[in-house]
Amino acid sequence: MHLGRTTLSKFLIQQLKGIEGASDLAALLIDVAAATKTISSMTAKGALGGYLGEVGNTNVQGESQKKLDVLADDAMIRSCEWGGLVAGMASEELDEPYAIPDEFQRGNYLLVFDPLDGSSNTDVNVSVGTIFSVLRHDKAEAPVTADYLQTGRKQVAAGYAIYGPATMLVLTVGKGTHGFTLDREIGNYILTHPNLAIPEDTNEFAINTSNARFWESPVHRYVTECQAGRAGERGRDFNMRWIASMVAEVHRILMRGGVFMYPKDTKDSAKPGRLRLMYEANPISFLIEQAGGLSTTGRKYLLDVVPEGLHQRIPVILGSRNEVARIERYHLEHDAGTDRPFESPLFNERSLFRPEARV
Ligand code: AFP
């Protein structure tokens, strides 16, 4: 692979050699990439394109739709519906799966996507992204919702585009996780980050700490230990980040390691987590595992979760292998009742708050 000269098309031809349906899958990923270029140009124009602000209604998630949510959803559908490659599509923005119009042939893939993740950030100019997942559909009949409910292990491809200072596409077809940067002058994605590998250890965690009162105790235990820094259990200082755009958090973790947590919490009993399994957690987990990281609900690998609904939410803890394994151990110890009574390390024998420690 020649960095700086390998285009997405060339890369896919080389990566997909010997994979069943290689040419159709490559063609589909090129169509997805084309949609992300359209979305990139819209997010880059911002207010100048009249793309900011709300549409004025809510989506199936009960969240207010941004104009860019709808435009990005439309870009993904228009780019991928005509090529005879997909049997159907499912989107965060659509209550039901999208049926391919009769005028177009159906193919053997299901495309599932969040057209604009982090869209609450669009009006404040923070990086957002498109997340996509590709599953197979080997039936002649048009897919029904149940055909989409496959575990994450069944994905044949997954990726995201991140619309940041640079627009990048990060994807996997099951042979590692690779990053491409959009060269706007030639309108092509160029391979710039082949074979991404997440460091096994990290000193950086990402979680929305305003939800701390809703967390389960294993999460409390982990975060409190990180906050205690070198005076506490972990004996080293940690850093925290929270961008409120999952794609941006995950991209940082793929680039330099870290842990991202949107865990199960008691904020809303109807929602075991905030993130959606089919078009956020599963594709991202595929990328993370292919880059040597771990992705878990806290109690099981995310890619092994059997979906129950198209818009199902799920707890997500992912990133650097050794830290995620520690957090999972804390969950298992909690469930087994073997975790020692949790005391804040700020007041233990090594704390800074001992009388003689006061200077
Ligand atoms: P939006 O797409 O509604 O902005 O939600 C983004 C997201 O699903 C994910 O990208 C973030 O990590 C998470 O929500 C942020 O959630 P909080 O707003 O609760 O921090």
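In each ligand, atom 1 is the first atom listed, and ligand 1 is the first ligand listed. In what follows, every heavy atom counts, from backbone to side chain, and hydrogens, waters and symmetry copies are set aside. This chain uses plain numbering: 1 for the first residue, then up along the sequence.
Between the side chains of Tyr279 and Asp117, no donor-acceptor pair is found at a separation under 3.5 Å. Ser40 and Arg184 form a side-chain donor-acceptor contact under 3.5 Å, judged by distance and modelled atom types alone. Side-chain atoms of Ser79 and Asp31 include no donor-acceptor pair closer than 3.5 Å.
The shortest separation from a heavy atom of Glu280 to ligand 1 is under 4.0 Å, placing the residue in contact. Assignment of Glu249 to the shell around ligand 1 is not supported, since no heavy atom sits closer than 4.0 Å.
In Tyr301, the OH atom is not crowded: 12 or fewer heavy atoms of neighbouring residues, nucleotides or ligands sit closer than 6.0 Å.
Annotation: atom 7 (C) of ligand 1 to nearest protein heavy atom, Arg274 NE, 3.7 Å. Among protein heavy atoms, atom 10 (O) of ligand 1 sits closest to Met246 N, 2.7 Å. Distance from atom 19 (O) of ligand 1 to its nearest protein heavy atom, with residue and atom name: Tyr262 OH, 2.6 Å.
Side chains of Thr172 and His178 form no contact here, defined as non-hydrogen atoms less than 4.5 Å apart.
Under a 4.0 Å criterion applied to the non-hydrogen atoms of Leu275, ligand 1 contributes the atoms 8 (O), 9 (C). Close approach of ligand 1 to Asn208 is summarised as follows: ligand atoms under 4.0 Å from at least one heavy atom of the residue are 17 (P), 19 (O), 20 (O). Against a heavy-atom cut-off of under 4.0 Å, Ser119 is close to the following atoms of ligand 1: 1 (P), 2 (O), 4 (O). Ligand-side atoms of ligand 1 in range of Ser120: 4 (O), range being under 4.0 angstrom from any heavy atom. Close contacts between ligand 1 and Phe260 involve ligand atoms 12 (O) [criterion: under 4.0 Å to a heavy atom]. The distance from ligand 1 to the heavy atoms of Arg276 drops below 4.0 Å at these ligand atoms: 8 (O).
Looking at Asn121 next to ligand 1, no N or O pair under 3.5 Å apart turns up.
Under 4.0 angstrom from ligand 1, the non-hydrogen atoms of Ser245 all belong to its backbone.
Taking the charged nitrogens against the carboxylate oxygens, Asp265 and Arg213 have no contact shorter than 4.0 Å, which rules out a salt bridge. Ion pairing of Lys300 with Asp304 is absent here, as no side-chain N (NZ or NE/NH1/NH2) approaches a carboxylate O to less than 4.0 Å.
Checking Gly118, Ala244, Ala248 against atom 2 (O) of ligand 1, the nearest heavy atom belongs to Gly118.
You'll find the ring centres of Phe205 and Trp242 outside the 6.0 Å limit.
Note that CZ of Arg276 and NE2 of His311 are 9.5 Å apart. Values are rounded to the nearest 0.5 Å.
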